[in-house]
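Worksheet: one structure, shown below.
Below, chains carry the letters A, B, ... as their sequence lines are ordered, and counting in each starts from 1. Everything numeric in this text was worked out from a predicted model, so none of it was measured.
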Amino acid sequence: MSITTYELNHLDQLEAEAIHIFREVASEFERPCLMFSGGKDSILMLHLATKAFWPARLPFPVLHVDTGHNFPEVIEYRDQRIKELEARLVVASVQKSIDEGRVTEEKGPRASRNRLQTTTLLDSIEENKFDALFGGARRDEEKARAKERFYSFRDEFGQWDPKNQRPELWNLYNGRIRQGEHIRVFPISNWTELDVWQYIEQEEIEIPSVYFAHKREVFQRDGMLLADSDFVTRSEDEKLLTLKVRYRTVGDMSCTGAVESEAENLKQIIEEISSTRITERGATRADDRVSEAAMEDRKKEGYF
Amino acid sequence: MEFLRFATAGSVDDGKSTLIGRLLYDTKSIFQDQLESVEATSKQMGNEHTNLALLTDGLRAEREQGITIDVAYRYFATPKRKFIIADTPGHIQYTRNMVTGASTADLVLVLVDARHGVVEQSRRHAFLASLLRIPHLVVCVNKMDLIDYDEKAFNAVKEEFRNFAMKLEIPDLSFVPISALHGDNVVERSAKMPWYEGSSLLHHLEEVHIASDRNLIDARFPVQYVIRPQNEEHHDYRGYAGTITGGVFKPGDEVVVLPSGFTSKIASIDSYDGPISEAFGPMSVTMRLTSEIDISRGDMICRPNNQPTVSQDLQAMICWMSESTELTPRMKLALKHTTRSSRALVSEIQYRIDVNTLHRDEKPESLKLNEIGRVSLRSTQPLFFDDYRRNRNTGSFILMDEVTNATVAAGIIVGSG
Ligand SMILES: Nc1nc2c(ncn2[C@@H]2O[C@H](COP(=O)(O)OP(=O)(O)OP(=O)(O)O)[C@@H](O)[C@H]2O)c(=O)[nH]1
Ligand SMILES: [Mg+2]
């Protein structure tokens, strides 16, 4: 299609929408930050934010809520990117929250630090006086997230009230808050998993190696393939297998599952995603399996 | 690929969420795990069919009450187009959420229950869609299965809706008889309604022409953010970042900056990916001008021979959205228009519209929740606006409560003074 039709393709439209929101927040808030988990969506976010302010540096810091249960590849990637972008990194550590007695570690073989992150995050928001936090959540991920606004208001306890959200009209965003309250901002709300991968390919964005198919020692649990690591306790009948796998989402190692895959490059990943019959969270996240409304409940408490 | 954004509308229980579920299901856009979870929940709730509305009604409270409370956004694609769906609630209490979903839509589907015909909420939503100037409106006459797929009943609803719509401005209006529950005329044309000669709903959504709905004439660039890198490489760089909200801009164009009125030329239009030769909506770009003038967020860059109205006084249609307060004369509110924030004083409420009859009640004392009326406002600062009819971006604003910070109104500019 020639440029004279004045039409943007879908990826360019999504990009423009996200950049608009990054700039809007940078203009209207005093202390924004970008939440970064090392997953593909945060990597995409970092890329979009870079584009929004180029040739200037990011006008806000990057916040990593660190469960301590990371994929080493992801931490390496994080540090490398932060250096390249000359950005400021703030790490909020779940381990520190545990040491300080703010939260207690779950026990048992299925213990995860997923839920503990909320306290660490909210403490860090208070300590740093963040008033706007960019998150890479997408509406197509999960049914509670499908209900999110671009600007999602959080009260002084960090709570989301899905039954009483502010109207959000056109692209006019209401960023007015009182002290102690904040806004979670989701610039990639309208992206699907496929859009993310197509864009990563179009932009040639580098991503951590765990997203590509590789051989790994894994075991079956609740229909998921979990990686063997220091952060999980295997029971006797959870036998180790060496399989060719990749990750569709990257989070805490103790609750993020891998999928069997042969996709070794972006083109193959896009083919795989186009034909998959299972959602990314359905395939890979133990944290969503607790109950039907697990995500909604966590979000109400202040989760990402 | 091109996007079509559409929203559902219509009265409570007329089948909006079921229709979206059906559309997703029949286009094979539902993942196995989502379907399994919806099947399990349906069973648990004692439903006879798999309740496809659960695909969008995802909140606990929505499932408990069997209604939609807030907009759910869903995505799907066919080889022809990508779709962003906003499934909105029909309940009158949540009208503001319907407006939220519709405000960014290219097209609205108004559902009408074939048994009940056009009811107050169908009229309210159709009126809101026309007020928001959604260019395309498709009336889905639903639950045809419950009236034996009767052509006469369909025609009666069509007639009734047309009569009402005559008084509205709806540039493109069409009608499809459907059964959201069984999928008739949703993705495929139904053999049960051979008398219907139009296309299926999906076919309509794929084919409707939307490219010409944008304004490519009036060049408007509200300055959103000033980029000043202050590093060695880009020491003197000063770029004006923002989203094009109308027309086309090119390097070399002569421009005027409002409110100062200074003129200059576009030196370049920049992006991370390199210079841009033509910028148009909704691109997010950065402009540099040939002369050093003082420009900040909230200013507007446009062409000298095509400028928006500059005024502190505006005439607007207001949709009031607050449960706890009413809009009254002399009230002061925070206002946001393009990238400009100011305060507004309500000078006068001229009339309120009765959504059933479209009759105007002159000089009401106030506008209450979900009421729509025409209002005169005075802003503390001049605003740079166009008629909403001409440009949805520069003709819209929101009002916020200065104490609670809630968004309390959607505003549609119809004139100045
Ligand atoms: N027989 C029949 N029932 C239908 C049809 N479409 C929807 N229903 C039923 O109507 C009821 C309401 O459907 P919903 O899809 O939840 O209605 P809605 O318009 O989304 O309602 P709100 O979002 O709360 O305004 C459900 O019991 C559906 O099963 C149809 O085509 N035929
Ligand atoms: Mg519904």
Side-chain donor-acceptor pair present, T192(A), D195(A), cut-off under 3.5 Å: yes
Chain A contact via R81(B) - side chain, backbone, both or neither, heavy atoms under 4.5 Å: neither
Under 4.5 Å from any heavy atom of chain A - which part of I84(B): side chain
Heavy-atom proximity to chain A below 4.5 Å, by part of R297(B): side chain
Residues from residues 156-168 of chain A approaching chain B under 4.5 Å (heavy atoms): W160(A), P162(A), K163(A), N164(A), Q165(A), R166(A), P167(A), E168(A)
M321(B) versus chain A, the contacting section by heavy-atom distance below 4.5 Å: side chain
Contacting region of N231(B) [heavy-atom separation from chain A under 4.5 Å]: side chain
Whether R392(B) side chain and S103(B) backbone form a donor-acceptor pair below 3.5 Å: yes
Salt-bridge contact E296(A)-K147(A) (side-chain N to carboxylate O under 4.0 Å): no
Pairs of heavy atoms under 4.5 Å with chain A: top-ranked of R228(B), E62(B), E36(B): E62(B)
Any I270(A) side-chain heavy atom under 4.5 Å of Q198(A) side chain: yes
T245(B) and N393(B) side chains, donor-acceptor separation under 3.5 Å: no
Salt bridge present between R115(A) and E301(A) (N-O < 4.0 angstrom): yes
Polar contact flag, side-chain donor to acceptor under 3.5 angstrom, Y237(B)-Q230(B): no
Distance-only donor-acceptor check, side chains N190(A) and Y75(B), under 3.5 Å: yes
Under 4.5 Å from a heavy atom of chain A, the part of D273(B) involved: side chain
More than 12 heavy atoms of other groups within 6.0 Å of E206(A) CD: no
Qualifying residue for ring pair (Phe, Tyr, Trp, His ring centres under 6.0 Å) with Y225(B), from F53(A), F29(A), W54(A): F53(A)
Chain A contacts, top residue of T104(B), I227(B), D270(B) (heavy-atom pairs, under 4.5 Å): I227(B)
Side chain, backbone, both or neither of R178(A) within contact of chain B (heavy atoms, under 4.5 Å): both
Heavy-atom pairs under 4.5 Å with chain B, option from P59(A), S27(A), A56(A) with the top count: S27(A)
Residues of residues 182-189 of chain A within contact distance of chain B, non-hydrogen under 4.5 Å: S189(A)
